[in-house]
Amino acid sequence: MLDMKILFRGLGGAGQRHIRKFKTILGNNAKYFVKNGAWQAYLIKEDFSSSKDTNAIDFYKLENFDKTLMPQEDFYSIIATRTSDLVKEINEINDFSKKILVEKPGFNSKEELDYLKRFNEKVYIGLQRRFNPLTVIYEDLLKNSNEEINSISINVKSNCKLWHPYQSSKDFYALNNDMGGGVLKTECHELISTLIFFNKLELVNLKKDKKFYDSNVFTDILFEASLDNAKLNVNLSISNNETERFIVVKTHSFIYEIDYISNSIKIFDRHNNQCLRKLEYEEIDLFTLQALSFLAGDYKNSLLELFDSLNLFSKLLGDL
């Protein structure tokens, strides 16, 4: 990994977290650049507190990217701008990039996803939760279950206003339509993981709501859909004071409860509701695992792997 060049675009909370992870992995074996925007980036710390008097570019010792001086396809590039700008940013740095890691979902519409396909050998989607052992087990269950999957329920709840205390609602991408916000794009990890293993998605019913008076996005979505022969129920909220993140999978004989808050999986006998097994896991650094996978050029989270899943997801975006 000697003499690698890492290019960062977008220095908000997510972008600065990427900087810390890549610098921890590569240290002095890489040079670090930034493609700066109009906004003067200030320091956002690991605990999401901020120091607005500290220039982030200076703090992280990033060199300014000058495309007139740079050879082509020389950078591993990480884009963490607001969702509405992702495809534009990919376009601008594509010629200078070997690989591009872009924040999920990577696009703002089906038209943008179709356009992205031309870059599918370069682009990776930032779905770090797929490196969680619980998600690895969940995906293996969907792929290799001895019994047909009857139903899947995905429940994700939190209050997004607590995520970034350094930002007001008007500046927070998740709460602004023109920045590509909304609950479906913001909380899409488990849904995209699910869609990888199915060919058809048909929406049965959909309820959506805007719970914050100072936001123009849908903060809450509840929908039912059919996935091939399985039923899918999804309940997503970024306006809720309760915090939940779990998946329930039902087959003919078993119920699997996957809880990301307690980091556990429970397996029940569906006929007598007896808990047969409980598996618990320690928390791990998902962003470091994602960075290592990206640098290694793994297939996981590449657009090549995810395109069909993202295509189904884009149809849901169209229904909103």
Side-chain angles (χ1 to χ4, degrees), residues 13-14 17-18 20-22 24-25 46-48 101 103-105 124-147 149-160 162-163 183 186-198 227 230 232-238 240-251 253-270 272-296 298-302 305-306 309:
R17 178 166 48 196
H18 285 307
R20 292 190 292 270
K21 300 305 179 184
F22 278 86
T24 297
I25 293 167
E46 196 163 356
D47 63 359
F48 286 100
L101 174 63
E103 280 294 320
K104 51 81 179 153
Y124 289 74
I125 308 298
L127 291 165
Q128 74 278 354
R129 289 186 179 274
R130 292 190 67 215
F131 294 91
N132 189 311
L134 301 181
T135 306
V136 173
I137 292 171
Y138 170 59
E139 291 188 6
D140 184 67
L141 173 63
L142 296 185
K143 183 178 180 180
N144 298 310
S145 174
N146 291 327
E147 296 186 332
I149 303 295
N150 296 150
S151 68
I152 301 166
S153 297
I154 298 171
N155 293 268
V156 179
K157 295 179 183 178
S158 68
N159 186 340
C160 69
L162 303 178
W163 299 352
V183 65
T186 304
E187 293 289 20
C188 61
H189 288 274
E190 291 79 12
L191 183 53
I192 291 174
S193 284
T194 302
L195 296 177
I196 292 171
F197 303 98
F198 296 91
L227 287 176
L232 174 66
N233 293 282
V234 176
N235 187 355
L236 306 177
S237 173
I238 53 173
N240 204 296
N241 288 326
E242 296 181 4
T243 300
E244 294 180 353
R245 195 170 211 112
F246 68 88
I247 303 172
V248 177
V249 180
K250 295 182 179 180
T251 67
S253 303
F254 302 104
I255 300 173
Y256 302 83
E257 294 184 358
I258 302 166
D259 191 332
Y260 289 91
I261 305 302
S262 64
N263 286 312
S264 66
I265 298 178
K266 294 179 181 178
I267 305 172
F268 293 87
D269 184 319
R270 189 169 181 180
N272 59 22
N273 206 34
Q274 179 183 0
C275 184
L276 303 175
R277 192 173 183 187
K278 181 179 180 180
L279 307 172
E280 295 181 295
Y281 296 87
E282 298 292 330
E283 285 193 28
I284 58 176
D285 189 339
L286 305 179
F287 290 92
T288 294
L289 292 177
Q290 175 179 254
L292 288 167
S293 177
F294 169 67
L295 291 170
D298 291 346
Y299 183 64
K300 187 167 187 169
N301 280 354
S302 67
E305 180 203 20
L306 293 174
S309 173

query: side-chain contact (heavy atoms from CB on, under 4.5 Å) between Ile258 and Ile137: does it pass, once the steps are laid out?
result: CA-CA 9 Å; Ile258 302 166; Ile137 292 171; 5.8 Å; no
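- Classification of Lys21 and Asp285 as a salt-bridged pair holds, one side-chain N sitting under 4.0 Å from a carboxylate O.
- The pair Glu139-Lys300 does not meet the salt-bridge criterion, since no charged nitrogen lies less than 4.0 angstrom from a carboxylate oxygen.
- For the pair Ile149 and Ala230, the tightest heavy-atom approach, listed with the atom from each and the gap, is O-CB, 3.5 Å.
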task: Give the C-alpha distance, both sets of side-chain angles, the deciding distance and a yes or no for side-chain contact (heavy atoms from CB on, under 4.5 Å) between Phe254 and Leu276.
output: CA-CA 9 Å; Phe254 302 104; Leu276 303 175; 3.7 Å; yes
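- Nearest heavy atoms, Asp259 versus Phe246: CA-CB, 4.0 Å.
- Summarising the geometry, atom CD belonging to Glu190 is positioned 13.0 Å from atom OG belonging to Ser153; distances are rounded to the nearest 0.5 Å.
- Between the side chain of Gln290 and the backbone N or O of Leu127 there is at least one donor-acceptor pair closer than 3.5 Å.
- Here the CD1-OH distance, from Ile265 to Tyr260, works out to 7.5 Å after rounding to the nearest 0.5 Å.
- The CZ atom of Phe294 lies 5.5 Å from the CZ atom of Phe22; values are rounded to the nearest 0.5 Å.
- Between the side chain of Glu103 and the backbone N or O of Ala14 there is no donor-acceptor pair closer than 3.5 Å.
- Side-chain contact between Leu232 and Leu191 is present, with at least one heavy-atom pair separated by less than 4.5 Å.
- Ser158 has its side chain within reach of Trp163: a pair of non-hydrogen atoms, C-beta onward, lies under 4.5 Å apart.
- A heavy-atom distance below 4.5 Å is not found between the side chains of Ile255 and Lys266.
- None of Thr288, Asp298, Asn301 except one satisfies the side-chain hydrogen bond (donor to acceptor under 3.5 Å, both in side chains) rule with Ser293; the exception is Asp298.
- Across all non-hydrogen atoms, the minimal contact from Asn273 to Phe268 is O-CD2, 3.5 Å.
- Remark: Asp47 pairs with Lys45, Ser49 by the side chain to side chain contact (heavy atoms under 4.5 Å, CB included) rule, at least two apart or across chains.
- Between the CD1 atom of Ile125 and the NE2 atom of His189 there is a distance of 11.5 Å, given to the nearest 0.5 Å.
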- request: Take Thr186 and Cys160, measure what side-chain contact (heavy atoms from CB on, under 4.5 Å) needs, and give me the verdict at the end.
  value: CA-CA 9 Å; Thr186 304; Cys160 69; 5.8 Å; no
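- Counting heavy atoms from C-beta on, the side chains of Phe197 and Ile152 never come closer than 4.5 Å.
- Contact detail for Ser309 and Ile192: the closest heavy-atom pair is OG-O, 2.8 Å.
- Separation of atoms CG (Leu295) and OH (Tyr124) is listed at 10.0 Å; rounding is to 0.5 Å.
- Pairing each heavy atom of Leu279 with each of Arg277, the nearest pair is CD2-NE, 3.3 Å.
- The backbone N or O of Tyr299 lies less than 3.5 Å from a partner atom in the side chain of Ser302, making a donor-acceptor pair.
- Two residues are said to be in side-chain contact when any heavy atoms from C-beta on lie closer than 4.5 Å; Arg270 and Ser253 fail this criterion.
- Judged by distance alone, the side chain of Thr135 and the main-chain N or O of Phe131 form no donor-acceptor pair under 3.5 Å.
- By the 6.0 Å contact criterion, CG on Asn146 is open, its count of non-hydrogen atoms from other residues, nucleotides or ligands being 12 or less.
- Shown here for Lys104 and Gly126, the closest heavy-atom pair between the two residues is CG-O, 3.2 Å.
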message: Run the side-chain contact (heavy atoms from CB on, under 4.5 Å) test on Leu306 and Arg130 for me, step by step, so that the C-alpha distance in whole Å, both residues' side-chain angles and the decisive distance to 0.1 Å come before the verdict.
response: CA-CA 12 Å; Leu306 293 174; Arg130 292 190 67 215; 3.7 Å; yes
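- Within the model, atoms OH of Tyr281 and CG of Asn132 stand 9.5 Å from one another, a figure rounded to the nearest 0.5 Å.
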